[in-house]
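Note that this is a predicted model, so its numbers are computed, not measured.
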Amino acid sequence: MGCEERLSAVHPAGPFTAAIAELWWVMLAGATLIFLFVMALLAVSFRAGGTGRTTLGLWVGGLGLAFPLTVLAALLIWGLVLGERYLVPADDGAPLVEAEARQWAWTFRYPGTGRAETENILVIPAGRPVDVAITSVDVIHSFWVPRLAGKLDAIPGHRNVLRIEAFEPGDFAGVGAEFSGAGYADFRFTVRAVDAAGWDAFLAGGSP
Amino acid sequence: MKTLARHRELTRIWSSDPGWRKPFTSVNHTDLGRMFMLTAVFFFAVGGVLAMLIRSQIATSGSAFVDAPLYAQFFTMHGTVMMFLFAIPLIEGLAVYMLPKLLGTRDLAFPRLTAFGYWCYVFGGTMLLFSMVAGIAPDSGWFMYPPLASTLGNPGSTPTSG
């Protein structure tokens, strides 16, 4: 995998981004079909010679109202269900880590484990969901690991919880997705997913 | 007074001064609408130059064209100028110009208010441009989210403290 795919949301490395990428490909295909359909109608309208054989109900009621409402409602429901799955994590004992942003570095903590905090590198166990409690100590930042999850803002004085998961062990690039001042360009971090043995060793004090 | 006489009298009162004084003293929606749109086109050109400066910086990776703080001023001012000094005033100018003509009225309800709005726009926009010339333009994004856009991100003068 080339380095240009390190931040690619269409190269998902976890279940949540896989679902988001699937929605994106379906939307791209659907939008292409609708575009071709509209262009075909346009072509027909130039050829037919204005004989007016269609009805107002078909144009306004069917293609104008029913069709977009159906498509948009289906996408809305799909998107909401998808969002619920990782924005409102179930209380199922998934490990909780804390991500605290400042200009321009991230501090990651592992509460309840006795593990010392890490700087600009977040270690998570692979193959299971992990909740990340995101906050900031100065300005608004945004936590984004494109291959593992959608983005979520880090708001000072507020805690947002995002669920992430990596299928396999590996390193995943993360960026601040909200402009945060002069050091923004180099404001990056890494999420390192490790196997179960590596996770235990990390919690016991091993290097990330 | 006859209607026609009243019409002529009102036309005389609200018409623009002749000559060079016209753009400075006009309270006439046709003139001010045109001035609004013309000034908006000027700011459009300024925003376009800023866009070229942004592109010059990111044309190559690690470019030494400008440093990060100046680049932040460029894209903040590009967004601010294009949004608030071009797009909105252009539509506003078109509305000021067209509305009374569409409605068949002599002018908008408060002609002097149109002029007041135009001159606030000119002076406010010019102040923003001079801040850029002085190198102290807003640099926290055109969306200006506090606390970055307030005292925390910009000790001293801030875009939101005015």
Side-chain angles (χ1 to χ4, degrees), chain A residues 1-9 11 87 98-107 119-120 132-144 146-147 150-162 171 173-190, chain B residues 47 50-85 128 131-162:
Chain A
M1 176 171 297
C3 67
E4 68 277 5
E5 288 171 3
R6 292 185 338 118
L7 291 169
S8 170
H11 291 89
L87 278 181
E98 288 175 353
E100 186 185 86
R102 65 176 189 278
Q103 290 171 316
W104 291 272
W106 291 87
T107 302
E119 192 87 345
N120 288 331
V132 187
I134 300 161
T135 189
S136 165
V137 293
D138 41 39
V139 303
I140 298 175
H141 300 277
S142 190
F143 179 95
W144 192 30
R147 299 190 64 213
K151 60 189 88 161
L152 197 62
D153 276 4
I155 312 275
H158 186 78
R159 213 169 106 112
N160 285 326
V161 180
L162 179 73
D171 278 3
V175 290
E178 182 66 53
F179 178 67
S180 54
Y184 177 69
D186 299 317
F187 182 38
R188 290 156 186 274
F189 62 98
T190 303
Chain B
L50 284 164
M52 286 187 228
L53 294 176
I54 293 172
R55 285 287 155 193
S56 305
Q57 171 65 24
I58 60 176
T60 56
S61 116
S63 165
F65 179 52
V66 293
D67 57 5
L70 195 55
Y71 182 75
Q73 291 189 21
F74 282 174
F75 77 75
T76 301
M77 286 300 288
H78 166 73
T80 307
V81 167
M82 284 302 198
M83 190 56 80
F84 301 110
L85 301 181
L128 210 52
S131 79
M132 196 164 53
V133 173
I136 50 166
D139 59 359
S140 46
W142 71 267
F143 32 85
M144 293 211 286
Y145 288 147
L148 180 65
S150 62
T151 49
L152 190 58
N154 291 274
S157 90
T158 80
T160 49
S161 66

What distance do A:I140 atom CD1 and B:F143 atom CZ have between them, rounded to the nearest 0.5 Å? 9.5 Å
With sequence neighbours excluded, tell me which residues meet side chain to side chain contact (heavy atoms under 4.5 Å, CB included) with [X].
| X | value |
| --- | --- |
| B:S56 | B:F65 |
| A:R188 | A:L7, A:V175 |
| B:F75 | A:F179, B:I54, B:Y71, B:A72 |

Which heavy atom in B:P69 sits nearest to a heavy atom in A:A182, and how many Å separate them? CG-CB, 4.2 Å
Taking every non-hydrogen atom, the tightest pair across A:V139 and B:P147: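 Shortest heavy-atom contact: CA-CG, 3.9 Å.
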Which residues, numbered in order, of residues 78-85 of chain B come under 4.5 angstrom of chain A by heavy-atom distance?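 No residue falls under the 4.5 Å cut-off.
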